[in-house]
Amino acid sequence: QRFAIPAYILSLILSLAVLFIGDEYNGSKRWLSLGPFSFQPSEFVKVILIVWYSAFFELNRKPTDNELEQIVSIASSLSKIDYHPNFIYDTWAITSFCNEFEKKKKYLSNEYFDLINPIYEKFKKFDYDKLPKSFVHGDMMSTNLLIDDKGEIWLIDFSVSNYMARINELIVICDDIALIVNDKDKSEKRIKNIFNQWCNEVNATDFEKEYAILKKGKKVYHKLILA
């Protein structure tokens, strides 16, 4: 830990350097190049922070129900920030699914094509633009959520933050930290609870509720993911 503070300062300097000499990929600057090597300074910041705090990924456990409520409240608060950055095309983002599938479907085996194509056909019919937009972190998963010794939750690494449908934040949470492996009933209960909490805190629209609410277990949960 004695090297943590100097390393953290160095990481912040490298993060600022990205703004001036960073490499641009898919319309955004997130990488620095040193000869043949490229890296994201934000990842170094994340490692240093984990020296003081513990990520849920490192703890190898899911957040408790109470911790999950804290996380959803953080997500709700982010959506209320009056910040409208220019949209950045991200190949990994949900909004880019149709474009990326069109580009890359030729590389899929028949098995994977048959698995993904029905999802693609449904996604094409979905009116994504009707979903309310806001500033989103975009990656609220176990590696980016830390907990300190007082039980406070901290969100780090805004390198993929964007301006898009606010429900994306909840989808990532539902698909990662809310799920309990091999426990379908508990997973559905947790997801239903945090969805209701999120709806109340952001004053969700009828359209968001109609296309995302969980009413029939797994089948409707997949509808939430597709939204």
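The residues of the chain are indexed from 1 along the displayed sequence.
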task = Test Asp82 against His84 for side-chain contact (heavy atoms from CB on, under 4.5 Å), laying out the working first.
result = CA-CA 7 Å; Asp82 187 18; His84 295 216; 3.5 Å; yes
Flag the pair [X] / [Y] as yes when at least one side-chain heavy-atom distance between them is below 4.5 Å, and no otherwise.
X: Ile71; Y: Met140; result: yes
X: Phe97; Y: Tyr128; result: no
X: Ser79; Y: Val136; result: no
X: Cys199; Y: Glu208; result: no

task = Tell me, please, which residues at least two apart from Lys124 pass salt bridge (charged side-chain N to carboxylate O under 4.0 Å, His left out).
result =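 Salt bridge (charged side-chain N to carboxylate O under 4.0 Å, His left out) check on Lys124 returns Glu121.
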message = Using the salt bridge (charged side-chain N to carboxylate O under 4.0 Å, His left out) criterion, which residues pair with Asp65? Sequence neighbours excluded.
response =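 Salt bridge (charged side-chain N to carboxylate O under 4.0 Å, His left out) list for Asp65, sorted by chain: Arg190.
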Could you measure the distance from the [atom1] atom of [X] to the [atom2] atom of [Y]? Nearest 0.5 Å is fine.
X: Ile191; Y: Asn196; atom1: CD1; atom2: CG; value: 12.0 Å
X: Leu131; Y: Thr205; atom1: CG; atom2: OG1; value: 7.0 Å
X: Leu78; Y: Ile81; atom1: CG; atom2: CD1; value: 5.0 Å
X: Ile147; Y: Trp154; atom1: CD1; atom2: CH2; value: 12.0 Å
X: Ile167; Y: Lys209; atom1: CD1; atom2: NZ; value: 11.5 Å
X: Ile153; Y: Leu146; atom1: CD1; atom2: CG; value: 8.5 Å

Does any N or O in the side chain of [X] come within less than 3.5 Å of the main-chain N or O of [Y], such that one atom is a donor and the other an acceptor?
X: Asn168; Y: Met164; value: no
X: Glu169; Y: His137; value: yes
X: Asn144; Y: Asp139; value: yes
X: Glu188; Y: Asp185; value: no
X: Ser187; Y: Ile180; value: yes

task = Treat each ILVMFWY residue as a node, draw an edge where side-chain heavy atoms are under 4.5 Å apart, and state whether Met141 and Leu68 are in one component.
result =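 Different hydrophobic clusters.
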Would you mind writing out the side-chain donor-acceptor pairs for residues 99-111 within the sub-3.5 Å range, not counting sequence neighbours?
{"from": "Glu100", "atom 1": "OE1", "to": "Lys104", "atom 2": "NZ", "distance (Å)": "2.7"}
{"from": "Glu100", "atom 1": "OE2", "to": "Tyr89", "atom 2": "OH", "distance (Å)": "2.6"}
{"from": "Glu102", "atom 1": "OE1", "to": "Lys105", "atom 2": "NZ", "distance (Å)": "3.3"}
{"from": "Glu102", "atom 1": "OE2", "to": "Tyr120", "atom 2": "OH", "distance (Å)": "2.2"}
{"from": "Ser109", "atom 1": "OG", "to": "Tyr112", "atom 2": "N", "distance (Å)": "3.3"}

Locate the shortest heavy-atom distance separating [X] from [Y]; write the atom from each residue and the value.
X: Pro63; Y: Ile177; value: CD-O, 3.6 Å
X: Ala75; Y: Ile173; value: CB-CD1, 4.1 Å
X: Asp175; Y: Leu179; value: O-CD1, 3.6 Å
X: Ala165; Y: Lys133; value: N-CD, 3.4 Å
X: Trp198; Y: Arg166; value: CZ2-CG, 3.8 Å

inquiry  = Set out, in order, the CA-CA distance, both residues' side-chain angles and the distance that settles side-chain contact (heavy atoms from CB on, under 4.5 Å) for Phe195 and Leu170, then state yes or no.
reply    = CA-CA 8 Å; Phe195 180 76; Leu170 188 66; 3.3 Å; yes
inquiry  = For Asp127, I'd like to know if atom CG has over 12 heavy atoms of other residues, nucleotides or ligands within 6.0 Å.
reply    =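 Atom CG in Asp127 is crowded, with more than 12 foreign heavy atoms closer than 6.0 Å.
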inquiry  = Can you confirm if the aromatic rings of Phe135 and Tyr163 lie within a centre distance of less than 6.0 Å?
reply    =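 No, they do not, as the ring centres are separated by 6.0 Å or more.
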inquiry  = Let's go through Ile194 and Cys174 carefully: what are the C-alpha distance in whole Å and the side-chain angles of both, what is the deciding distance for side-chain contact (heavy atoms from CB on, under 4.5 Å) to 0.1 Å, and is it a yes or a no?
reply    = CA-CA 8 Å; Ile194 64 174; Cys174 289; 3.9 Å; yes
task = Check side chain to side chain contact (heavy atoms under 4.5 Å, CB included) between Glu201 and all other residues, then give those that pass, not counting sequence neighbours.
result =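 Counting only residues at least two positions away or on another chain, Glu201 forms a side chain to side chain contact (heavy atoms under 4.5 Å, CB included) with Val72, Ser73, Ser76, Gln197.
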query = Listed by chain and number, what are the side chain to side chain contact (heavy atoms under 4.5 Å, CB included) partners of Asn66, not counting sequence neighbours?
reply =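 Counting only residues at least two positions away or on another chain, Asn66 forms a side chain to side chain contact (heavy atoms under 4.5 Å, CB included) with Thr64, Glu69.
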request  = Give the intermediate values and the outcome of salt bridge (Lys or Arg N to Asp or Glu O under 4.0 Å) for residues Lys62 and Glu67.
outcome  = CA-CA 9 Å; Lys62 297 289 185 175; Glu67 291 166 348; over 6 Å; no
ask   = Which pairs, with at least one residue in residues 60-80 and sequence neighbours excluded, count as a ring pair (Phe, Tyr, Trp, His ring centres under 6.0 Å)?
value =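 As it turns out, there is no ring pair (Phe, Tyr, Trp, His ring centres under 6.0 Å) pair with a partner in residues 60-80 once direct neighbours are skipped.
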message = Going by side-chain hydrogen bond (donor to acceptor under 3.5 Å, both in side chains), name the residues that satisfy it together with Asn193, two or more places apart in sequence or in a different chain.
response =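 By the side-chain hydrogen bond (donor to acceptor under 3.5 Å, both in side chains) rule, Asn193 matches no residue at all.
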